[in-house]
Visitor: 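I have a structure here, written as structure tokens, and I will follow up with some questions on it.
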Number of protein chains: 2
Amino acid sequence: MSPRGKELNEEMRAEALTKIESAALEVFAHYGYHGATMRHIAQAAGVSQGLVYHYFPSKEDTFRHLVDSAVAESLEAMRLLVSAPGTAWQRIETYAALVIETLFQPETSLRFVIMLQALTQGAGVPGLLDHVAETTEAYYDLFVPLIEEAQRSGEAAPGDPRALAAAFFSFIQGLATLVFQRKGLEKGITPRMLTNILR
Amino acid sequence: MSPRGKELNEEMRAEALTKIESAALEVFAHYGYHGATMRHIAQAAGVSQGLVYHYFPSKEDTFRHLVDSAVAESLEAMRLLVSAPGTAWQRIETYAALVIETLFQPETSLRFVIMLQALTQGAGVPGLLDHVAETTEAYYDLFVPLIEEAQRSGEAAPGDPRALAAAFFSFIQGLATLVFQRKGLEKGITPRMLTNILR
DNA sequence: GTCTATACACTGATAGAC
DNA sequence: GTCTATCAGTGTATAGAC
């Protein structure tokens, strides 16, 4: 209970938690929600199964936690974009460059795959599908006004701005899957391909 | 053993098989490979679990069968495109229009989702990942020469044609996921968005 | 060809020792 | 904070009757 002991405990706690989180990310991404087992996650993290349950109340909560932080992180990037200086189109270009760059970091692509898992097998996890769909709405709320502004200036093509946004996000999701496959084709992917969808 | 009896048997067989196949497609697509259960598939098909095993030796084979026929069907469309008349760019435009049109038929999007499942959770099914990667190569072999021709005529952007093809396919995969979500944004998606990636 | 009943393995989750 | 041992539930696959 001394201050020293407390610090040590928190350090151990943080370390174990980080190990479990990144192991869970890896295992869930490669095997899917139902295909991943808590045993496997514990093993990948180098800890016992009991310890995983010490930090996360259930498998479902573990997955939900990963999905939530993945969504939150992407959303944060989008928020930064919206409040950045420059014209709407310039900000979109900056965002496209940022996405392409971060997507090629292995951990980022895992996060996108986790979100994809939530969408394409969420039917088995009660409430998850609705939760993700709800959070995803926030993306559109932020991005659509930007597209509309770019349409007014003639830099983006006319048409339903929500459909343009949907196409933009769909491409990003598809690219994440590509990176996940590690076929070595990532290098040739340019931000321009992404922005061209809106033209 | 009479001709009449034989015909009847084959009819029953074909009917049951079709029911099981489409039920399996639906269940696998919505729950993922590991999330889907043979009980659920049998129930969705309106038959007993034992009958499913009468037609398919295992869960793994059932899934593999669906993935294979999904890949085969897409590949067939690509083959038709390549041997069609017109310039390379015209054929690419035709293909884009075809993809967008068929993608919005519910069954087609399920097939794409099945392929996606194979890629993003195939780690649990031995050999599946390699099998899909191998088959996917055929797409590139067919599509890349078309892109190269379009590059020579200046209609496609310069750069690694394989990367362009990868971007093209990634976008299609992403769109399939979008359609799968049924958010009603599909209507605004145009073939031009798809071809613009290559420009 | 179709069904019911069941064997056997595995998984998520808990309890209790250290 | 961390581990081992264990239970109850569920899933794949098979056997055998009709």
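Chain naming here is simple, since letters A, B, ... match the order of the sequence lines and numbering starts at 1 in each.
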Visitor: Let's see if you get this right: which residues in residues 42-60 of chain B place a heavy atom under 4.0 Å from DNA chain D?
Guide: B:Gln49, B:Tyr53, B:Ser58, B:Lys59
Visitor: Can you check the B:Ile41 CD1 to D:dA13 P distance for me, whole Å?
Guide: 11 Å
Visitor: Might you point out which heavy atoms bring A:Trp89 and A:Thr195 nearest each other, and give the distance in Å?
Guide: CH2-O, 3.7 Å
Visitor: Please determine whether the number of non-hydrogen atoms from other residues, nucleotides or ligands lying under 6.0 Å from atom CD of A:Gln43 exceeds 12.
Guide: no
Visitor: Both conditions, 6.0 Å and 45 degrees, for the charged tip of B:Lys187 above the ring of B:Phe104: are they met here?
Guide: no
Visitor: Does A:Lys59 qualify as a cation-pi partner of A:Tyr33, given the criterion of NZ or CZ under 6.0 Å from the six-membered ring centre and within 45 degrees of its axis?
Guide: yes
Visitor: Please report the C-alpha distance between B:Glu21 and B:Arg111 in whole Å, then the side-chain angles of each, then the deciding distance to 0.1 Å, and finally whether the salt bridge (Lys or Arg N to Asp or Glu O under 4.0 Å) criterion is met.
Guide: CA-CA 12 Å; B:Glu21 273 178 346; B:Arg111 287 213 186 82; over 6 Å; no
Visitor: Could you check if a side-chain atom of B:Tyr55 sits within less than 4.5 angstrom of a side-chain atom of B:Thr62, using non-hydrogen atoms only?
Guide: no
Visitor: How many Å lie between CE on B:Met38 and C1' on D:dT10, as a whole number?
Guide: 15 Å
Visitor: Between A:Arg79 and A:Glu76, does the salt bridge (Lys or Arg N to Asp or Glu O under 4.0 Å) criterion hold? Intermediate values first, please.
Guide: CA-CA 5 Å; A:Arg79 280 211 190 86; A:Glu76 187 52 32; 3.7 Å; yes
Visitor: Rounded to whole angstroms, how far apart are CG on A:Leu17 and C1' on D:dT2?
Guide: 14 Å
Visitor: Taking the ring of A:Phe112 and the ring of A:Phe180, is the distance between their centroids below 6.0 Å?
Guide: no
Visitor: When the distance from CD of B:Glu10 to C1' of C:dT2 is rounded to whole Å, what number comes out?
Guide: 18 Å
Visitor: Any N/O pairs under 3.5 Å between the protein and nucleotides 7-9 of chain D? List them or say none.
Guide:
none

